[in-house]
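Since the structure comes first, as structure tokens, the remarks are kept for the end.
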Amino acid sequence: MQRMIQTRQVTRSLARTIQHRSRLPVHRLYSHGARQGNPRGIASPWSFLLGAGVTGAGFTLWQFAQPKSQSEKQQSNYADRETMLKGVQAISDALGPESVTMDEEDIELHSYSEVSTSNCATRPVAVVTPKSTAEASVIARICSEYKIPMIPFAGGSSVEGNFTAPYSGLTVDFSQMNQIIAFHEDDLDVVVQPGVNWMDLNEKIKDSGLFVPMDPSPTALVGGMVATNCSGTNAARYGTMKDWVINLTVVLADGTVIKTRHRPRKTSAGYNLTGLFTGSEGTLGMITEITLKLAPVPEKQSVAFATFPTIREAVACTTKIMRQGIPIAAVELMDDVQMGVLNKNGGAGGRTWEEKPTLLFKFSGTPQSIATDIGRVERITSEGGGSAFEFARTEQEMHNLWSARKEAVWAMVAQRPEGTQIWSTDVAVPLSRLPETIDLSKKESGSLGLFSSVLGHVGDGNFHQAVMYNPNDPAQTRAVQECVRKMVHRAVEMEGTVSGEHGIGLGKKECLVEELGPDTIAVMRTLKRSLDPHCLMNPGKVFEP
Ligand SMILES: Cc1cc2nc3c(=O)[nH]c(=O)nc-3n(C[C@H](O)[C@H](O)[C@H](O)COP(=O)(O)OP(=O)(O)OC[C@H]3O[C@@H](n4cnc5c(N)ncnc54)[C@H](O)[C@@H]3O)c2cc1C
Ligand SMILES: *[C@@H]1O[C@H](CO)[C@@H](O)[C@H](O)[C@H]1NC(C)=O
Ligand SMILES: *[C@@H]1O[C@H](CO)[C@@H](O)[C@H](O)[C@H]1NC(C)=O
Ligand SMILES: *[C@@H]1O[C@H](CO)[C@@H](O)[C@H](O)[C@H]1NC(C)=O
Ligand SMILES: *[C@@H]1O[C@H](CO)[C@@H](O)[C@H](O)[C@H]1NC(C)=O
């Protein structure tokens, strides 16, 4: 009981931090938990770990990424503060004073993380809130005229795709553009503004039997989700955000409004501009309208788990399951450390767990297909050295089992010693290399004396490592930096990626160069220059201007 209260307090304080940043009502964050009973809403429990990890990642990665003389050079291309203020006045005249705030607290909420040990010193001069595409276009035109950087802002939950303003400028907050514009039930699509929250959207359209199958932070808004190409636990079955975006309306840096294409499900007409803006982290334009594909809510879902002697055997099983084409909805790996943390925290789902590498499976389909799939997965796991296979026979059991995955993060946060922070980072590698890279990452963090746990969206070769460290201890901070640097470097060596789902932002710019090489980055720069010649859109993110 004591523990539960502790967890809840920590969760609540994290919730407050996130809510603070995103200005979402706190009840929405709690409804995340309450929605456990809703099969469509099985939202990523990464939520709170990342909420905590933000601090650590922000701090240390910032050290890698701080623009140095570059930044001074760049700075001179932009308006000085006085000119920026003139631009703000022009926007206020055009859109009305209620669309602009220079309130210090508002600015902090949009650009600074209060719990962070180190923050980018510059701030935007104001926050502007457009209510339509036309207003966003006016903002861009004025910013373009005065050479003011624009930093799009949606839910504010991004981890690397960070919304800080290293060159000052204006934060463009899309949370007021929160309307569902058209719902085409028979076309299985919905047209929304960028400020629509994905959980609200799913709630509103639930009677249609359709839903948006991504599950990033419960506070994320569709605009930010497209801009980061987000995913979550459902990706094994449903892919990532890019698979669900049909077309976009985008306001370019100079105020031009474009629509990337029409609304049919397929097209082979012209370059893929929808794909270009998806995952562009606000550096190419402001997304002001999105047509999303919707998926039918599965008739039934179930959950099962199995434990394994080693991570290697667990991953081997996952590969086999995928190769046999068993359509699992999600497969999540938790290591022995993570299971231990759950137990220390009083268990999860009303039980304690074996402290061994564990796979949690989610199934969806008809009752018959699920029964078949569970049977096949059970056979493969037992042939592959797994034991303790167990599946949910009732809806309640399903929630109990899945709560191991959901509670994981909260347990880690609750069990963390005072004064420590959690640094969460993610990489993805080709499936066959996953066990090796997880083993090495665990060994390295162990040898540096750091406490770390692993959670993985193993179906995609994507894993998150959460490392605890004391930010006030320089040796530990260096150790955690080194640990992450090696993990990222190894992922690249294995033909993987430096970020499976969180994006590049400020934090992983140098890593991106390592992954793609200077020529590829040069092509990205050329694209950027052609759309945004004065580098006004979210400058300093993804790559150096
Ligand atoms: C609690 C928690 C859990 C998470 N779990 C997951 C997970 O499981 N999977 C996952 O993929 N991610 C996860 N994340 C990361 C995060 O939720 C996603 O990256 C999400 O897509 C960000 O959306 P947002 O609305 O908060 O965007 P923001 O943080 O506001 O912005 C993200 C980026 O998009 C840009 N942007 C925002 N709006 C626009 C726009 N209209 N036009 C152009 N650019 C824009 C911003 O400039 C910024 O670069 C998690 C984060 C947290 C804090
Ligand atoms: C954004 O980056 C800054 C500077 O690196 C960091 O202090 C802050 O915590 C980060 N915020 C988020 C939400 O990632
Ligand atoms: C997508 O294309 C349709 C026309 O087929 C258009 O009406 C709609 O506005 C477009 N959506 C977006 C988000 O641009
Ligand atoms: C274009 O990009 C969109 C969004 O990223 C994606 O869904 C679509 O499959 C892409 N089309 C092609 C032909 O690659
Ligand atoms: C989006 O994510 C998918 C899966 O990781 C990836 O294949 C695709 O290239 C990404 N697209 C963009 C535009 O980031």
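Residue indices begin at 1 and follow the sequence shown. Just so you know, ligand 1 is whichever comes first in the structure, and atom 1 is the first atom listed for that ligand. Because the structure is predicted, anything quoted here is derived from the model rather than measured.
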**Study point:** Nitrogen or oxygen atoms of Phe174 and ligand 1 under 3.5 Å apart
**Key:** no

Practice item. Please say whether Leu221 places an N or O atom under 3.5 Å from an N or O atom belonging to ligand 1. Key: yes

Check your understanding: Can you find a pair of side-chain heavy atoms, one from His110 and one from Arg123, that are under 4.5 Å apart?
Key -> no

Point to revise | Value rounded to 0.5 Å, distance of CE in Met286 from OG1 in Thr133 | key: 10.0 Å

Review point. Is it the side chain (CB and beyond), the backbone, both or neither of Asp215 that lies under 4.0 Å from ligand 1, heavy atoms counted?
Key: backbone

Practice item. Report yes if some N/O of Pro152 lies less than 3.5 Å from some N/O of ligand 1; otherwise report no. Key: yes

Review point. Once the angle between the rings of Tyr469 and Trp423 is folded into 0 to 90°, is it parallel (under 30°), tilted (30 to 60°) or perpendicular (over 60°)?
Key: tilted

Practice item. Kindly indicate, with the supporting measurements, whether the criterion side-chain contact (heavy atoms from CB on, under 4.5 Å) is fulfilled by Asp532 and Leu284. Key: CA-CA 7 Å; Asp532 179 16; Leu284 297 178; 5.8 Å; no

Point to revise | Close side-chain approach of Lys293 and Asp189, heavy atoms under 4.5 Å | key: no

Practice item. Report the C-alpha distance between Lys131 and Ser99 in whole Å, list the side-chain angles of each, state the deciding distance to 0.1 Å, and finish with yes or no for side-chain hydrogen bond (donor to acceptor under 3.5 Å, both in side chains). Key: CA-CA 8 Å; Lys131 290 179 287 302; Ser99 302; 2.9 Å; yes

Exercise for review: Check the pair Thr291 / Asn247 against side-chain hydrogen bond (donor to acceptor under 3.5 Å, both in side chains), numbers first and verdict last.
Suggested key: CA-CA 5 Å; Thr291 307; Asn247 62 345; 2.6 Å; yes

Practice item. Answer yes or no: does an N/O atom from Pro218 fall short of 3.5 Å to an N/O atom of ligand 1? Key: no

Check your understanding: Is there a heavy atom in Met225 that sits closer than 4.0 Å to ligand 1?
Key -> yes

Practice item. Go through ligand 4 atom by atom and flag the ones less than 4.0 Å from a non-hydrogen atom of Lys242. Key: 3 (C), 4 (C), 5 (O), 6 (C), 7 (O)

Point to revise | Those atoms of ligand 1 less than 4.0 Å from some heavy atom in Gly282 | key: 43 (C), 44 (N)

Review point. Under a 4.0 Å N-O cut-off, is there an ion pair linking Glu332 with Arg405?
Key: yes

Review point. Which ligand 1 atoms, with their elements, are less than 4.0 angstrom from a heavy-atom of Met286?
Key: 42 (N), 43 (C)

Revision key, fill the gap. Candidates Ala227, Ala136, Pro216; heavy atom nearest atom 36 (N) of ligand 1 found on Ala227

**Study point:** Spacing of His184 atom NE2 and Arg263 atom CZ [to the nearest 0.5 Å]
**Key:** 4.0 Å

Study note, to complete from the structure: Taken to the nearest 0.5 Å, the spacing of Ser132 OG from Gln176 CD works out to 12.0 Å

Practice item. Output the set of protein residues with a heavy-atom contact under 4.0 Å to ligand 3, ordered first by chain identifier and then by residue number. Key: Asn247, Leu248, Thr249, Lys259, Arg261, His262, Arg263, Glu289, Ile290, Thr291

Review point. Purely on distance, is any nitrogen or oxygen of His457 under 3.5 Å from one on ligand 1?
Key: no

Point to revise | Any N or O of Asn272 closer than 3.5 Å to N or O of ligand 4 | key: yes

Practice item. Report yes if Gly155 has an N/O atom closer than 3.5 Å to an N/O atom of ligand 1; otherwise report no. Key: yes

Point to revise | Numbering as shown, the atoms of ligand 4 that approach Gly275 to under 4.0 Å (heavy-atom distance) | key: 2 (O), 4 (C), 5 (O)

Review point. Side chains of Phe174 and Gln193: does their closest heavy-atom pair fall under 4.5 Å?
Key: no

Practice item. Taking only heavy atoms of Asn538 into account, list the atoms of ligand 1 that are under 4.0 Å away from them. Key: 47 (O), 49 (O)

Review point. Any side-chain heavy atom of Pro213 within less than 4.5 Å of one from Arg237?
Key: no

Point to revise | Option with minimal heavy-atom separation from atom 30 (O) of ligand 1, where the choices are Gly223, Gly224, Ala154, Ser231 | key: Ala154

Check your understanding: Relative to the heavy atoms of Cys230, which atoms of ligand 1 are at a distance of less than 4.0 Å?
Key -> 11 (O), 21 (O)

Point to revise | Residues forming a salt bridge (charged side-chain N to carboxylate O under 4.0 Å, His left out) with Arg529, sequence neighbours excluded | key: none

Check your understanding: Can you tell me if Gly285 has a non-hydrogen atom under 4.0 Å from ligand 1?
Key -> yes

Point to revise | Tyr167 and Tyr78 aromatic ring geometry - parallel, tilted or perpendicular at 30°/60° bounds | key: tilted

**Study point:** Thr219 N/O to ligand 1 N/O under 3.5 Å
**Key:** no

Point to revise | Test side-chain contact (heavy atoms from CB on, under 4.5 Å) applied to Asp106 and Thr171, step by step | key: CA-CA 10 Å; Asp106 257 331; Thr171 296; over 6 Å; no

Exercise for review: For ligand 1, indicate whether the residue Ile287 contacts it via side chain, backbone, both or neither (heavy-atom separation under 4.0 Å).
Suggested key: both

